[in-house]
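Worksheet: the structure to be examined is printed underneath.
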Amino acid sequence: MPKWLEDAVFYEVYPQSFNDTNGDGIGDIDGITEKLDYIKDLGCNAIWINPCYDSPFKDGGYDVRDYKKVAPRYGTNSDLYRLFGEAHKRDMHILLDLVPGHTSEEHKWFRESQKQERNEYSDRYVWADHCFRIEKYPYVAGESQRDGIYMLNFYKCQPALNYGFFNPTEPWQMSYKDPECQKTKEAMKDVMRFWLDRGCDGFRVDMANYLVKGEDENRTGTCAIWKDVRKMLDKDYPEAALVSEWANPKQSLSAGFHMDFLLNNPGTGYSTLMRDYSNSKDNANTSGINQKKVDVTVDRSFFKRDGNGDIMRFLDDYLPMYESAKENHGYVSIITCNHDTPRPRRTLSYSELKLAYAFIFTMPGVPFLYYGDEIGMRYLDIPTKEGGYGRTGSRTPMQWSNKKNLGFSEAFPEDIYLPVDSSSDAPTVEAQQQDPDSLLNTVKEILALRHKYSDLNSQNNLEIVYAKKDTLPFIYKRGDLFIAINPSTLKQKAGVPTGSSIIYSICRSNSCDVATITDTSITLAPESFVIIK
Ligand code: NOJ
């Protein structure tokens with residue numbers, strides 16, 4: 001386990017929308033390098049960059065055409081090596097995004113695999129040997145010279161790499177133990193080595209749970225792959241970190257990942273914190289590409305001031321994951337948002353966001369902040385771009401200042417990658433830096449505390465002190481620190497002893513008396529957060 005994860009706080013950068021340094025309207029690698037000091041000063045000492053490789057960009061770059069080449073629109077490989085170096089000078093770490101489950105249909109492996117004559121790549125993808133539709137899995141026919149159909153992993157442009165089937169049921173399905181499937185794994189390890197050898201500090205792994213296909217409830221086949229990858233890391237790159245898009249820490253962390261994300265999947269405890277729009281019958285799927293259609297008029301989120309205040313919906317789901325993370329010496333990563341998820345500002349106000357982030361950044365595990373969430377960037381209702389669909393509204397350019405294109409780019413506004421927030425009160429970094437009470441400055445304060453008190457680090461214990469169904473406040477303990485939260489508009493009292501000295505507080509009304517503490521109880525002001533020693 002890399003030691004640096006104990007004090008790590010990640011910042012997710014969607015490279016096309018972060019900072020354009022050459023005026024072509026799209027973000028670039030040099031733009032990230034230029035903002036390293038900003039990110040570090042915010043309190044984030046690690047970065048995850050979404051795929052920045054050569055790609056036809058039919059799924060925002062998750063359709064990789066060349067795993068070893070930076071997309072020309074972002075710069076060159078040398079720019080990325082320079083970013084690694086500059087990050088390390090600042091004691092920061094950079095994770096790239098590994099997309100092991102599929103490539104672009106334009107990848108050279110796939111081009112070869114599509115040929116009828118057998119070659120080195122014939123078995124690199126999942127091919128069925130006939131041309132009729134197979135129930136359950138999406139397959140594509142009629143696109144290749146080859147006498148067969150290929151399996152998709154996500155969009156039509158993303159053929160599934162072949163890691164085999166757990167229990168093959170058809171003659172054309174290969175066992176995951178087949179040497180050809182092992183070659184796919186070795187090819188992915190080679191990609192990892194390529195970047196690790198050049199200064200990359202690890203990977204966020206896309207759809208990490210879904211490599212070996214077929215019925216495999218425990219993901220035994222897929223886990224075997226990651227165990228082997230972890231062996232390679234432990235031996236040759238012990239400081240490299242892996243975080244999975246899996247949302248099942250019991251499986252992912254025992255398979256060798258260091259961290260696993262909580263995701264905004266429907267029905268999860270995580271989704272009740274900041275995005276519980278469960279009023280609407282259309283909200284069965286609040287994640288993914290349908291988000292735009294979701295009715296958000298009633299929001300029952302825990303952090304909504306008039307939500308329903310039931311933290312148990314989160315804890316019942318989270319605590320077993322937290323326990324298994326501890327057993328497996330790994331971390332659960334709580335995110336503010338990501339490039340697939342509606343920004344929390346969609347329904348939460350700045351004051352509600354302050355409490356939500358204060359919670360996320362004082363929990364165990366390694367937290368992730370999505371670029372722009374620190375200033376409360378909005379989820380915009382805009383047309384799809386590069387396969388984003390309903391996710392596009394969370395991928396708009398970073399809002400730095402009130403200059404042209406909100407400081408993102410010098411290009412003509414009609415030429416920038418996506419439109420910037422055109423509202424007159426669009427939040428910007430520059431404005432919030434000047435306001436001591438801004439969301440940005442609150443994030444900075446909390447992250448500074450996280451780094452200052454080892455009680456708050458990734459690894460230190462979590463103890464639930466006061467958490468009851470439909471009842472507030474919510475109180476937990478990290479090391480010697482008590483943390484109490486009241487997102488509601490009423491005062492809330494808990495009959496439990498806490499410490500006596502308040503070391504940090506957030507209160508909606510600045511003049512409020514945030515907490516009244518006695519030997520046996522604590523009463524919290526409306527919409528407040530306190531850390532007590
Ligand atoms: C999950 C990624 O986060 C998402 O953006 C992408 O579209 C799919 N995986 C497919 O790679």
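Counting starts at 1 for both ligands and their atoms, following the listed order. Basis for what follows: all heavy atoms, side chains included, without hydrogens, waters or symmetry-related copies. It should be emphasised that the depicted structure is a prediction, and the values quoted were computed from it without experimental measurement.
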Which atoms of ligand 1 sit under 4.0 Å from any heavy atom of [X]?
X: H339; value: 2 (C), 3 (O), 4 (C), 5 (O)
X: H102; value: 10 (C), 11 (O)
X: E245; value: 1 (C), 3 (O), 9 (N)
X: D206; value: 1 (C), 2 (C), 3 (O), 8 (C), 9 (N), 10 (C), 11 (O)
X: R391; value: 4 (C), 5 (O), 6 (C), 7 (O)
X: R395; value: 5 (O)

Practice problem: Please write down residue, atom name and distance for the protein heavy atom closest to atom 5 (O) of ligand 1. | Solution: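 Of every protein heavy atom, D340 OD1, 2.8 Å lies nearest to atom 5 (O) of ligand 1.
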Practice problem: Around atom 7 (O) of ligand 1, find the nearest protein heavy atom and jot down its residue, atom name and distance. | Solution: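 Protein heavy atom with the smallest distance to atom 7 (O) of ligand 1: D59 OD2, 2.7 Å.
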Check for me whether [X] meets the cation-pi criterion with [Y], that is, NZ or CZ under 6.0 Å from the six-membered ring centre and within 45 degrees of the ring axis.
X: K385; Y: Y417; value: yes
X: R204; Y: F261; value: no
X: R82; Y: F84; value: no
X: K213; Y: Y210; value: yes

Quiz item: In terms of the angle between their ring planes, are Y322 and Y318 parallel, tilted or perpendicular, with boundaries placed at 30° and 60°?
Solution: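 If you compare the ring of Y322 with that of Y318, the planes turn out parallel.
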Self-check item: Counterpart residues, side chain to side chain donor-acceptor pair (under 3.5 Å), relative to Y270 (two or more places apart)
Solution: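 Per chain and number, Y270 pairs via side chain to side chain donor-acceptor pair (under 3.5 Å) with R275.
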Quiz item: Aromatic ring centroids of Y176 and F166 under 6.0 Å?
Solution: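 Between F166 and Y176, which both carry aromatic rings, the centre distance is below 6.0 Å.
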Quiz item: Do any heavy atoms of R204 fall under 4.0 Å from ligand 1?
Solution: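 Contact present.
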Exercise. Please verify whether a non-hydrogen atom of K58 lies at under 4.0 Å from ligand 1.
Key: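 Heavy atoms of K58 never come under 4.0 Å of ligand 1.
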Practice problem: Would you please say whether a donor-acceptor pair under 3.5 Å links the side chains of Y121 and H107? | Solution: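 Note: Y121 and H107 side chains miss the donor-acceptor criterion.
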Quiz item: When you look for heavy atoms under 4.0 Å from ligand 1, do you find them on the side chain of E386, its backbone, both, or neither?
Solution: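 For E386, no heavy atom sits under 4.0 Å from ligand 1.
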